[in-house]
Undergrad: 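Once you've had a glance at the structure underneath, I'll fire off some questions.
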Amino acid sequence: MSFRLAAYAVCVEDGRMLLARHVSAKGESTWTLPGGRVEQSEDPFDAVIREVAEETGCDAVVERLLGVDSRVIPAAERTIPGGPEHQNVGIFYRVRIQSPGRLTRTEGPRAVPPPRCTACGFMITSRSVGRVVWE
């Protein structure tokens, strides 16, 4: 079984959630919470701050831990043919943007050139993220 530990930022401001748009190698576009892999020997708290900076160009301050989500993806459902079962553990933090960097607060995404995403912005949303629920 393969394993991935990731840290994600949940930033809600004025009823809008901060999201980053990623484009896969196949050209598929998805909007997601800023976040990603916790590097070896890295603290997840530090990882979420680093990931927000890498993906949005903004400085984030962690306000609190929201929760942890763990899911196992069976080998037959993996996008990698022949790959083993995979467990993904996500740690979710509520964050506040301290300095806006390249981000502007608009109703839709603003195109920016961060290294790992093609756009980011605060979006109006009523969707939850996975099985994680926050106040």
Side-chain angles (χ1 to χ4, degrees):
M1 175 181 288
S2 61
F3 177 81
R4 179 175 186 258
L5 176 63
Y8 298 97
V10 176
C11 181
V12 179
E13 190 176 283
D14 299 324
R16 298 176 298 163
M17 182 177 297
L18 179 64
L19 298 174
R21 188 174 118 211
H22 290 267
V23 178
S24 72
K26 295 179 181 179
E28 299 165 342
S29 175
T30 58
W31 287 94
T32 183
L33 293 173
R37 180 184 305 275
V38 176
E39 302 297 335
Q40 186 173 354
S41 74
E42 183 179 29
D43 188 290
F45 184 96
D46 296 329
V48 75
I49 294 169
R50 174 183 54 76
E51 288 286 344
V52 169
E54 287 178 2
E55 295 183 3
T56 70
C58 299
D59 294 327
V61 174
V62 174
E63 293 185 331
R64 73 181 190 97
L65 174 67
L66 292 173
V68 177
D69 178 62
S70 176
R71 51 193 163 133
V72 173
I73 302 167
E77 295 176 19
R78 299 251 348 240
T79 56
I80 303 168
E85 271 189 336
H86 176 75
Q87 182 178 14
N88 190 58
V89 175
I91 303 172
F92 295 81
Y93 294 95
R94 179 168 34 197
V95 304
R96 171 176 44 83
I97 298 301
Q98 185 174 20
S99 65
R102 292 174 270 182
L103 182 69
T104 59
R105 282 142 177 86
T106 62
E107 292 303 316
R110 175 179 173 254
V112 293
R116 293 183 16 209
C117 70
T118 59
C120 60
F122 281 88
M123 309 298 224
I124 296 172
T125 181
S126 60
R127 299 170 71 180
S128 64
V129 178
R131 297 184 306 241
V132 175
V133 179
W134 55 87
E135 300 174 346

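Since we're looking at a predicted model, the values are computed, not measured. Positions are given from 1, in the same order as the sequence printed here.
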Undergrad: Show me the donor-acceptor pairs within less than 3.5 Å that the side chains of residues 79-93 make with the rest of the protein, sequence neighbours left out.
TA:
from: H86; atom 1: ND1; to: S2; atom 2: OG; distance (Å): 2.6
from: Q87; atom 1: NE2; to: S70; atom 2: OG; distance (Å): 2.8
from: Y93; atom 1: OH; to: F45; atom 2: N; distance (Å): 3.4

Undergrad: I need the minimum non-hydrogen distance between R37 and R50, along with the two atoms involved.
TA: O-NH2, 3.0 Å
Undergrad: Side-chain contact test, heavy atoms from C-beta onward, threshold under 4.5 Å: evaluate it for R94 versus V12 and give yes or no.
TA: no
Undergrad: Would you please name every residue forming a side chain to side chain donor-acceptor pair (under 3.5 Å) with E63, sequence neighbours left out?
TA: R96
Undergrad: Return the minimal non-hydrogen interatomic distance between L18 and L33, and the atom names on each side.
TA: O-CD2, 4.1 Å
Undergrad: How many angstroms lie between CG in D46 and CD in E39, if you round to the nearest 0.5 Å?
TA: 12.0 Å
Undergrad: Taking all atoms of both residues into account, what is the closest heavy-atom pair of V52 and A9, and its distance?
TA: CG2-CB, 3.5 Å
Undergrad: Verify side chain to side chain contact (heavy atoms under 4.5 Å, CB included) between V61 and V95, making sure each step is shown before the conclusion.
TA: CA-CA 5 Å; V61 174; V95 304; over 6 Å; no
Undergrad: What is the minimum heavy-atom distance between L5 and P44, and which atoms define it?
TA: CD2-CG, 4.5 Å
Undergrad: With side chain to side chain contact (heavy atoms under 4.5 Å, CB included) as the criterion, how do E28 and T30 come out once you've worked through the C-alpha distance, each side chain's angles and the decisive distance to 0.1 Å?
TA: CA-CA 7 Å; E28 299 165 342; T30 58; 5.6 Å; no
Undergrad: At what distance, to the nearest 0.5 angstrom, does CD1 of I97 lie from CG of D59?
TA: 8.5 Å
Undergrad: Grab the two heavy atoms, one from A47 and one from V38, that are nearest each other, plus how far apart they are.
TA: CB-CG2, 3.9 Å
Undergrad: Does the side chain of L66 come within less than 4.5 Å of R64's, by heavy atoms?
TA: yes
Undergrad: Do any N or O atoms from the side chain of E55 and from the backbone of G35 form a donor-acceptor pair under 3.5 angstrom?
TA: yes
